[in-house]
Q: 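Right, I'll just put the structure down here and ask away after.
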Protein chains: 2
Amino acid sequence: MTETQKTEDNKLLYYFKKWTVITPEDESVILSAFEPCSIKKKKDLLLSGKTCKYVYFITRGCLRSFYIDSKGTEHIYQIRMDNSWISDLESFFTQTPSKYNIEALEDTQMLRISFSRLEQLYEEVPKLERYFRILFQKAYINALKRLNANMWETAMDRYNDMLKENPMMFKRVPLIYIASYLGITPESLSRIRKRI
Amino acid sequence: MTETQKTEDNKLLYYFKKWTVITPEDESVILSAFEPCSIKKKKDLLLSGKTCKYVYFITRGCLRSFYIDSKGTEHIYQIRMDNSWISDLESFFTQTPSKYNIEALEDTQMLRISFSRLEQLYEEVPKLERYFRILFQKAYINALKRLNANMWETAMDRYNDMLKENPMMFKRVPLIYIASYLGITPESLSRIRKRI
DNA sequence: TTTACTTCTTAACATAGATCAAGTGTCGAA
DNA sequence: TTCGACACTTGATCTATGTTAAGAAGTAAA
């Protein structure tokens, strides 16, 4: 195991330990369940129509997930960077074909785990149920907040909120993707930025 | 314990058992942790500014949660009926004041559990972590779907989807609330219905 | 049985953001 | 060093939905 890899693993464990108690024995079981992988910028991690085989913990890099509508337009619903999870959870948990794509916006390093390996890991380390319970709790609360913002706030308010809460994204992600994530066109985002 | 009450409890357990294994001993521990309660139509279960003390499992009835914006307009983000959960999870899990209101749209019966009692219950019946992990997983997936629909589909498509997926709601909930839930005004909903 | 309130509809007008079209600047690959 | 794709901007026009205002129908209260 290289030095780089060790650092990556430790970050994964750091996040587990924030919400649940992990013994040294658990640690090695967890680490052995995850498999390092990487992807080059502009390459696809998941293609629409394929089943999503893994959940990925991003140790370094940036990815977007999006779907393509009947007119061929891409709609981004997630942009994820270092130390967060990415997957198509619906496809992953039901093991059915995905409607979404996941693409790398930067060269990205990840730790991945398959559906069956994760099920097995829950049996080996039941405490992980708590970690993921809390993770999904928070993800759900955030998704509802974003839903409310999209339904009832102006595009300008959403842009300002995002600037405040996710300043790093503006340094690493092109505005055309941020526009789609905010639910508007690049033209509208451009006009909003001019007004400020 | 009345006959009515027993039926209610069994429904709660039925949903737990769908996703995890519950022994007879666990059953009684779970049942004793939940407390029956009820609320009359138009009364408030939660007021903005107050901390949300419970999560509620609705055994029979209907509630809406909404927030009031700076102009005094109500915005509904959840409508929940029989056999589902309702709460302001953010306020509940952080035990801080809520930004939302929850109001009964019908006379409603529930089973409730407090934050500290739920924490204790997780220790007593660790298998419940799995149930709630899966519950939040599904809730998160649904919230993302609703977000995508609100960002990228027309109000008419959203209305038709809701008609298909939640026909019961149209029989029990006034259209003014359904409009708000769909992210549009009652006037727009009226126009959409006329077009069909 | 009158009154008042809630729900729902309709119409005229207003507006945020989309669409279409064109143009500039930048950067990586040949 | 030049070319072509990509990122971003700007302007003109269009459209879905909001806003304002009014009225009808149903229901609960007095």
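Below, chains carry the letters A, B, ... as their sequence lines are ordered, and counting in each starts from 1.
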Q: Can you list the residues that meet the ring pair (Phe, Tyr, Trp, His ring centres under 6.0 Å) rule with A/Tyr77, with sequence neighbours excluded?
A: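 Result, ring pair (Phe, Tyr, Trp, His ring centres under 6.0 Å) vs A/Tyr77: A/Tyr100.
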
Q: Listed by chain and number, what are the ring pair (Phe, Tyr, Trp, His ring centres under 6.0 Å) partners of B/Phe136, not counting sequence neighbours?
A: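 Ring pair (Phe, Tyr, Trp, His ring centres under 6.0 Å) list for B/Phe136, sorted by chain: empty.
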
Q: Please lay out, stage by stage, how B/Ile58 and B/Trp85 fare under the test side-chain contact (heavy atoms from CB on, under 4.5 Å).
A: CA-CA 6 Å; B/Ile58 305 166; B/Trp85 296 89; over 6 Å; no

Q: Please identify each residue that fulfils side-chain hydrogen bond (donor to acceptor under 3.5 Å, both in side chains) with B/Glu90, with sequence neighbours left out.
A: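 Partners of B/Glu90 by the side-chain hydrogen bond (donor to acceptor under 3.5 Å, both in side chains) criterion, ordered by chain and then number, come out as A/Lys145.
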
Q: Would you call A/Arg172-A/Asp82 a salt bridge at under 4.0 Å N-O?
A: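 Judged by the 4.0 Å cut-off on N to carboxylate O distance, A/Arg172 and A/Asp82 do form a salt bridge.
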
Q: Measure the angle between the two terminal helix axes of the helix from C/dT1-D/dA30 to C/dA30-D/dT1, five base pairs each, and quote it to 10°.
A: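 Result, rounded to 10 degrees: 40°.
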
Q: I'd like to check the side chain to side chain contact (heavy atoms under 4.5 Å, CB included) partners of B/Ala33; sequence neighbours left out, ordered by chain and number.
A: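 Scan of B/Ala33 (side chain to side chain contact (heavy atoms under 4.5 Å, CB included), adjacent residues dropped) gives B/Ile113, B/Arg117, B/Leu121.
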
Q: Restricting to salt bridge (Lys or Arg N to Asp or Glu O under 4.0 Å), what partner residues turn up for A/Arg64, sequence neighbours left out?
A: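 Testing A/Arg64 for salt bridge (Lys or Arg N to Asp or Glu O under 4.0 Å), a comparison that skips the adjacent residues, returns A/Glu74, A/Glu103.
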
Q: Would you check if the distance from the ring center of A/Phe92 to the ring center of A/Phe115 is below 6.0 Å?
A: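 Yes, the ring centres sit under 6.0 Å apart.
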
Q: Where does the chain A footprint on DNA chain C start and end, counting 5' to 3' with a 4.0 Å heavy-atom cut-off?
A: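 For DNA chain C, the relevant span reads C/dG17 to C/dA21.
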
Q: Between B/His75 and A/Asn148, is any side-chain donor less than 3.5 angstrom from a side-chain acceptor?
A: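 The criterion, which ignores hydrogens and geometry beyond distance, is not satisfied for A/Asn148 and B/His75.
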
Q: Just jot down the ring pair (Phe, Tyr, Trp, His ring centres under 6.0 Å) partners of A/Phe93, sequence neighbours excluded, or say none.
A: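 Residues passing ring pair (Phe, Tyr, Trp, His ring centres under 6.0 Å) with A/Phe93: none at all.
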
Q: Quick one: A/Lys41 NZ to D/dC6 C1', roughly how many Å, whole number?
A: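 Answer to the nearest Å: 10 Å.
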
Q: Are A/Glu153 and A/Arg158 ion-paired here, with the side-chain N under 4.0 Å from a carboxylate O?
A: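 Here A/Glu153 does not pair with A/Arg158 in a salt bridge, since their nearest N and O are not under 4.0 Å apart.
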
Q: Run the side-chain hydrogen bond (donor to acceptor under 3.5 Å, both in side chains) test against A/Arg80 and tell me which residues pass, sequence neighbours left out.
A: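 Partners of A/Arg80 by the side-chain hydrogen bond (donor to acceptor under 3.5 Å, both in side chains) criterion, ordered by chain and then number, come out as A/Gln78, B/Tyr140.
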
Q: Name every residue in residues 143-161 of chain A that has at least one heavy atom under 4.0 Å from any atom of DNA chain D, in order of residue number, or write none if there are no such residues.
A: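 Residues of residues 143-161 of chain A under 4.0 Å from DNA chain D: none.
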
Q: Could you tell me the separation between the CG atom of A/Leu175 and the P atom of D/dT10, rounded to a whole number of Å?
A: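 Spelled out: CG on A/Leu175 to P on D/dT10 is 12 Å.
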
Q: In chain order, what residues pass the ring pair (Phe, Tyr, Trp, His ring centres under 6.0 Å) check against A/Tyr131, with sequence neighbours excluded?
A: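 Ring pair (Phe, Tyr, Trp, His ring centres under 6.0 Å) list for A/Tyr131, sorted by chain: A/Phe16, A/Trp19.
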
Q: Could you check which residues of residues 184-195 of chain B get a heavy atom under 4.0 Å from DNA chain D? Sort them by number, please.
A: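 Output list: B/Ile184, B/Thr185, B/Glu187, B/Ser188, B/Arg191.
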
